[in-house]
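In what follows, a structure is listed as structure tokens, so that the remarks can point back to it.
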Amino acid sequence: MSSMNAPQREAVMYTQGPLLVLAGAGSGKTRVITEKIAHLIASGQREAKHIAAITFTNKAAKEMRERVAKRVKGDAAEGLTISTFHALGLRFLQQEAARAGLKRGFSVFDSDDQMGIVKDLLPAGTKNDVLERLRGLVSRAKNEALTPEQAAELAKSAVEREAAKLYEKYQARLAAFNAVDFDDLIRLPVLMLEADADFAAAWRERIRYLLVDECQDTNGAQYRLLKQLAGPRGAFTCVGDDDQSIYAWRGAQPENLELLGSDYPNLKVVKLEQNYRCASRILRLANTLIANNPHANPKTLWSDQREGEKIKVWRCENNEHEADRVAAEIDYLNKAKEIPFADFAILFRGNHQSRALEKSLQMLRIPYHLTGGTAFLDRAEVKDALGWLRLIANPEDDAAFLRAITTPARGIGGTSLARLAELAQQHHMPMDRAARQLSILKQLQPRIAAAVSEFTGIVDRLRDEAESVAAPALVRSLVERSGMLDALRAQTKDKAGFERRRANLEELADWFDGPKSAIGDLAAQMALLTHADRGEPGNAVRLMSLHGSKGLEFRAVFLVGLEDGTLPHEASMEEGRLEEERRLLYVGITRAKEHLVLSHSLEAKRWGDTLRLQPSRFLAELPQGDLARDGADPEAEAESKKARGRAHLAAMAALFDKPK
């Protein structure tokens, strides 16, 4: 702790009451949380089993657990909770399933399952954009921890009233499936804790100190959960940065940082303003930009790092020209400055901007990784296997039943499955049980009934195995018994493709390293994993959205597409919502440690027409003396071109300079 600065030490040592740590970009907030956990345990103020640290991604939770393990020796950290909000909610519901009206082994529905229910509840032929809007309104109500009745009372428009009615039917369908969705993992614990003071007090005895990272990203329900677990005494440390709140589109409420002050009048505020990441000039750029936003608790980042080079501002003809310049600069810095490709990031407002960049990088054979590709858990064969596991653990999960019975195909068409579902509803039972009723099977075609019986026989054998074998063995068994592996072999044209897909299933089996009795819990936990939880992509340039870059850092960053209408986004300009767009650029700027390039194009093609573009208005808000704009210093630019030309020629010559 001796190497920490004074505000960091103050944040670690203060345990007398509620604490808000306003942590600027690169100010060491993760270290503060880690050290505070170690301090609470080492000082004997709290046992590890009574401490919970909440993050927003599984990756961040894993990193924090690893750091704590290095600081706390022996088994002193046993029982410590470090998880995401949703993982904590899942643990809560697993422990309080009966009180929540759930049966053991309940399922956690993903976005595909949710949309399937919404589509089924609305009239046939409802357009996808209407489905998505209504689903989004239901989710928004849940993120405020509203009941269907409360959502109906607060509805201000016809579409909101329709969404409230859908919400009620949607919850009834989830209950029939013995399932919850992601939003319920926060909503249900909040409602249960708020409804029973004694129950809430009992949970506060379990969690006696709470640490919340990225508090500015909490939504209404998450903030209410924080308050219920912290209780009136406010035994918590919240860490956040209102300048990095960029997730309003998914319900984040940066004003929750201000609410802490009104809900806890004795709240202590500590500011972490020393940045350990960026060159001073980059910080000056960020500070000047974000000063244009209103602040309840203003802060100014500073650094004792070097001043750094001027920030380049490129004026490009179009996005193809921009992409070519970016790729060429990366190629130069990699060869001349020996900066590894993994230390470069190209950041943009929207994923569609990556296409031209990918083409230019490919032309120069520069390896790159596009964040947002197909995640491991989104691969079809992995989702199919998880569907089987959900059904094995939860016989009332109709969505899992439908996925499993059609994977692989068994000659049971959609019409037959719809008939089976109809008969199940008539008899008020889940499809898994209906598929075993002789009276129901007799109402299906004999061939279909035989196929259904064969399927339920496989499920029964796997359920029997689940009682006696470890989870990894069960996964491997279901892949064989279900016919999935044979189907993959038949469907995949080349052997290499089949081996890749089989390897995915083998990796899934390896992930299940828990006890045999926890197969349902593990399946639910895996449903919480996100794209952000994948491993590192190796030595490759990172292409990602500004939203996806939060929490990361790179030696060289290229911020592309800085035009009005792109950043700031056109809708934000029209509606006067520029503050979050400014924060988005602030986040992008503070990802850079040494090199930063801001680029914009003069024109773009839209629907066959050429449009003239205006540079982002945010560029005018930056300290102009710290910028090196195109055309401002012709002599320096000419010398820079010569240096890049020499580096390119040297690289070409090296290709032919082979040892004899």
Side-chain angles (χ1 to χ4, degrees), residues 22-30 55-57 59-60 213-218 239-254 256-257 272-273 275-279 281-295 297-303 311 343-351 353-354 371-372 531-532 542-563 566-569 572 577-600 616-619 621-622:
L22 286 174
S27 62
K29 66 180 179 63
T30 303
T55 70
F56 268 82
T57 68
K59 183 178 179 180
D213 193 11
E214 307 287 9
C215 192
Q216 78 281 350
D217 291 335
T218 54
V239 181
D241 181 5
D242 51 351
D243 290 332
Q244 295 189 76
S245 181
I246 57 174
Y247 298 117
W249 52 275
R250 68 183 189 197
Q253 299 175 352
N256 286 345
L257 295 182
L272 304 185
E273 297 175 292
N275 175 282
Y276 293 91
R277 174 191 302 157
C278 309
R281 199 186 297 271
I282 292 174
L283 284 184
R284 194 156 55 241
L285 211 70
N287 286 330
T288 305
L289 173 72
I290 207 63
N292 290 279
N293 275 3
H295 291 84
N297 292 287
K299 62 183 181 306
T300 301
L301 295 181
W302 64 274
S303 171
I311 284 74
D343 282 340
F344 292 95
I346 309 173
L347 309 180
F348 35 75
R349 180 64 175 81
N351 287 326
Q353 294 172 263
S354 71
T371 299
H531 289 204
R542 271 52 161 190
L543 274 71
M544 63 180 68
S545 70
L546 284 159
H547 287 99
S549 71
K550 190 164 171 290
L552 303 177
E553 60 182 48
F554 305 90
R555 284 181 64 185
V557 169
F558 297 81
L559 281 165
V560 301
L562 294 184
E563 304 101 23
T566 303
L567 185 65
H569 192 270
S572 300
R577 296 184 292 102
L578 293 178
E579 291 176 14
E580 180 157 330
E581 295 292 296
R582 190 177 284 113
R583 292 196 292 266
L584 202 53
L585 180 56
Y586 173 86
V587 166
I589 289 172
T590 52
R591 299 313 94 195
K593 296 162 71 174
E594 300 174 17
H595 306 278
L596 177 62
V597 175
L598 312 175
S599 69
H600 65 92
S616 170
R617 61 194 62 196
F618 295 148
L619 291 173
E621 297 179 357
L622 304 177

Residue list, side chain to side chain contact (heavy atoms under 4.5 Å, CB included) with [X], at least two apart or on another chain:
X    : result
P568 : D564, M573, L578, E581, S616, R617, F618
S354 : F348, E358, L370, L543
A25  : Q244, R277, L301, T590, R591

At their closest point, which heavy atom of [X] faces which heavy atom of [Y], and how far apart are they?
X    : Y    : result
F56  : E214 : CE1-O, 3.3 Å
L257 : C215 : CD2-CB, 3.9 Å
L562 : H600 : O-CB, 3.1 Å
K550 : V587 : CA-CG1, 4.2 Å
V239 : Q216 : O-OE1, 4.4 Å
N292 : L289 : ND2-O, 3.0 Å

Expected output: side-chain H547 to main-chain Y247 donor-acceptor under 3.5 Å: no
Is the closest side-chain heavy-atom distance between [X] and [Y] below 4.5 Å?
X    : Y    : answer
L567 : L559 : no
I311 : I589 : no
P294 : E579 : yes

How long is the gap from [atom1] on [X] to [atom2] on [Y], to the nearest 0.5 Å?
X    : Y    : atom1 : atom2 : answer
N256 : T218 : CG    : OG1   : 4.0 Å
E594 : R281 : CD    : CZ    : 14.0 Å
N275 : L283 : CG    : CG    : 4.0 Å
S599 : I346 : OG    : CD1   : 9.5 Å
L347 : L552 : CG    : CG    : 9.0 Å
S245 : N293 : OG    : CG    : 10.5 Å

Stepwise salt bridge (Lys or Arg N to Asp or Glu O under 4.0 Å) check, R583 with D241: CA-CA 11 Å; R583 292 196 292 266; D241 181 5; over 6 Å; no
Check ion pair D343-K593 (N to O, under 4.0 angstrom): no
